[in-house]
Q: 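Shown below is the structure under consideration.
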Amino acid sequence: MKRVLVAKPGLDGHDRGAKVMARALRDAGFEVIYTGIRQTPQQIASAAVQEGVDAVCMSILSGAHKELVPEVVRLLKKSGVKPLVIVGGIIPKDDVAFLKKNGVSEVYGPGTPMSVPISYMKSKLKV
Amino acid sequence: MTAKKTALQEERLKTLSGFDVKRIYTGEDSETNYDKDLGEPGKFPFTRGVYETMYREKLWTMRLFSGFGTPEQTNRRLKYLIAHGQTGLSIAFHMPTLVGYNSDHPLSAGEVGKVGVAVDSLKDMEILFDGIKLDEVTTSMTINGPACAVWAFYIAAAENQGANRKELRGTIQNDVLKEYTAQKTWIFPPEPGLRLVVDTIEFASKELPKWHPVSISGYHIREAGSTATQELAFTLADGLCYVDSCIERGLSINDFCPRLSFFFNSHNDFFEEIAKYRAARRIWAKEMKKRNGNEQSQKLRFHTQTAGCTLTAQQPLNNIVRVTMQALAAVLGGTQSLHTNSYDEALALPTDESAKLALRTQQIIAYESGVTKTVDPLGGSYYIEWLTNRMEEEAYGGGVLKCIEKNFFQSEIAKSAYEYQKAVDENREKIVGVNCFQTDERQIKILKISSKVRKVQSKKLSLLRKHRDNDAVRNALDALVESAKTGENIMPPTICAVESYCTVGEICSSLAKVFGEHKSNVF
């Protein structure tokens, strides 16, 4: 069973999307670890390493993605792990390219059906 | 195929809260005793409204939730909205202020000025309201965990302008109970959190008699994914918890209860939302009467915000139509104050232009639609009265603190959110432009917030620390800690602290030394 970390970086408490995706991933057959809110990049990277996850999914709606997400990616690399990194939330179009350049595989915005990231992750992780 | 189609149609013939809706309603469905269940507007149980004349005499307050970047930038936005006819102010603070951190705190990186305005000290509050006379406006501030500190900034800023605190009018959201269940910008654990709310209510009843010290909020519960009935039930349960805690403190109900206010969401199911507001008024009136509340205490007054979670990033102009209908539901439900979302808010914070259009939406309802001419125009509709009764039946509940500890609210809300998303993904709930009538996207211009705001605020903070009287700061923070320990009202030492230019971060970390910090259970 593939393991997925669902994480909420930063101070934002809007966890509706993170929790909905955690449930959807669980129902799709993934083993899901949810960090809860207000996680620092360090906490997220450590959790990913300790849990040995195949993917890290971050939900962020506060506009802090350009600072926090690349930092998570940097710390993951530093720890020598290479999980699939997915971001969901309110990410302006211009910033999507920036995140993809910085180690993020896919970015999903509002209105995305839950099946879209799930199918993507299944194909990438060969489930 | 036919069977499937029928099942889909049936699904859609429920309200968003899941009540089955019949083809037609008659007097048999909506049995009501006019005097007992409805009452004249302005009379118990206030189902038809808390005022006799409602909008014939005074329109609701048009109040757009605003804040981004530096206090200087938000000050310009406030003045812009006033110039376009806004009748009240409403301030959105950025994440660090909401959780009690200064802009230069390590965990504030990336967050400064992003979802609201950065306010670290009294100086920022003075800049925020520069040129706006605080004894002439009403201001609502969305602040919860650090409400005592931010309210103290406001009181001190107003007094520095020469205002008398007894004349100040406005609202602090200050509803910590829903933070634990829904919005999640908590700082302290529930018990000291509740104590601070009671402190502010007590202080307001003595020192700022025209202020609303708490706005008991269903809005965030709904945004987190609850149904309308859950929003109603959990919000009123929170309200009862505040009232009972104040009575336990020894306050007399009629000294504080008339100043409590509520804040509801206006979502897509038009009639269900209207019924929700009417049921809320009726339940509250009955509950306050049981507690010997007078007529003023029995009146549930509320602010409404159209539902942010219904805005779509796809075809953003469609949101103008959604917001119009949601705003109309709030008005037909008898709201006292209204925020309308801007069409671009699924993408970013609103621009000047989109915020103006959201304000214009309210003005068109107020001045052109004619719905303001009579009170509770839908009263007596078989369907509305039936729905109002159903909402009331479903909403009763109790034991808020226990429920928070046991995560009951959170798990119910999360369950509903997931069910709703599945209904959308499976096309059982239609969202125009998202799962039907899709088209290719056109980019719209959105507001961008500079990452330099953190530097600007950090520089202000280091200058502040250099130039203030740091002995006075230490003494003020010691006095604050002492009050937190002894259980004296927290407001007087908090006001002293902000007048000595203590920052929001210093005040909250001092209180956290005594109270500890809340850690959430995950699911």
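Predicted, not measured: the structure shown is a model, and the values here were computed from it. We name chains A, B, ... by the order of the sequence lines, and we start the count at 1 in each one.
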Q: Backbone N or O of A:M114 within a donor-acceptor pair of the B:D425 side chain at under 3.5 Å?
A: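 Here the side-chain-to-backbone pair exists.
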Q: Can you see which heavy atom on A:K19 is nearest to which on B:A414, and at what distance?
A: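 Minimum heavy-atom contact is CD-CB, 4.2 Å.
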Q: Sort out for me which residue in B:E419, B:K415, B:Q421, B:K422 forms a side chain to side chain contact (heavy atoms under 4.5 Å, CB included) with A:R23.
A: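 When B:E419, B:K415, B:Q421, B:K422 are each tested with A:R23, the side chain to side chain contact (heavy atoms under 4.5 Å, CB included) holds only for B:K415.
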Q: Shorter than 4.5 Å, heavy atoms on both sides: which option in B:H220, B:E223, B:Q183 has the most such pairs with chain A?
A: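 Counting heavy-atom pairs under 4.5 Å, the top option is B:E223.
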Q: Do you know which two heavy atoms are closest between A:G111 and B:Q314, and how far apart they sit?
A: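 Closest approach of A:G111 to B:Q314, heavy atoms only: CA-NE2, 4.0 Å.
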Q: Decide side chain to side chain contact (heavy atoms under 4.5 Å, CB included) for A:V20 and B:Y420; before the verdict, give the C-alpha distance in whole Å, the side-chain angles of both, and the deciding distance to 0.1 Å.
A: CA-CA 10 Å; A:V20 162; B:Y420 181 74; over 6 Å; no
Q: Under a 4.5 Å heavy-atom cutoff, which of B:L98, B:V99, B:V115, B:V434 has the most pairs with chain A?
A: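 Of the options given, most contacts go to B:V99.
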Q: Can you tell me how far apart CE (B:M95) and CG (A:D12) are? Round to the nearest 0.5 Å.
A: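 B:M95 atom CE to A:D12 atom CG measures 5.5 Å (nearest 0.5 Å).
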Q: Should we say atom NZ of A:K82 is surrounded by more than 12 heavy atoms from elsewhere, each under 6.0 Å from it?
A: no
Q: To the nearest 0.5 Å, how far apart are OH in B:Y418 and CZ in A:R16?
A: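 Those atoms lie 13.5 Å apart.
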Q: Are there over 12 heavy-atom neighbours, none belonging to A:H14, within less than 6.0 Å of that residue's NE2?
A: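 Open.
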Q: Could you tell me which portion of B:L107 (side chain, backbone, both or neither) has an atom closer than 4.5 angstrom to a non-hydrogen atom of chain A?
A: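 Its backbone and side chain both get close to chain A.
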Q: Of the listed residues (A:P41, A:G17, A:P113), which shares the most heavy-atom pairs with chain B below a 4.5 Å separation?
A: A:P113
Q: Considering only heavy atoms, give the residues of residues 447-454 of chain B separated from chain A by less than 4.5 Å, sorted numerically, with 'none' for an empty result.
A: B:K448, B:S451
Q: Where on B:A109 is there a heavy atom nearer than 4.5 Å to chain A: the side chain, the backbone, both, or neither?
A: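 The backbone, not the side chain.
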Q: Taking side chain to side chain donor-acceptor pair (under 3.5 Å) as the criterion, tell me which of B:E111, B:K114, B:H94 meets it with A:S62.
A: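 Among the candidates, only B:E111 passes.
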Q: A:P110 and B:A313: which non-hydrogen atoms are nearest, and at how many Å?
A: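 Heavy atoms of A:P110 and B:A313 come nearest at CG-CB, 4.0 Å.
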Q: Checking heavy atoms, do the side chain of A:L11, its backbone, both or neither come under 4.5 Å from chain B?
A: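 Its backbone and side chain both get close to chain B.
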Q: For the NZ atom of B:K184 and the CZ atom of A:R38, what is their distance to the nearest 0.5 Å?
A: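 B:K184 NZ to A:R38 CZ: 11.0 Å, rounded to 0.5 Å.
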Q: Which atoms of A:K93 are under 4.5 Å from chain B, going by heavy atoms: the side chain, the backbone, both sets, or neither?
A: side chain
Q: With a 4.5 angstrom heavy-atom cut-off, could you sort out which part of B:P106 is near chain A: side chain, backbone, both or neither?
A: neither
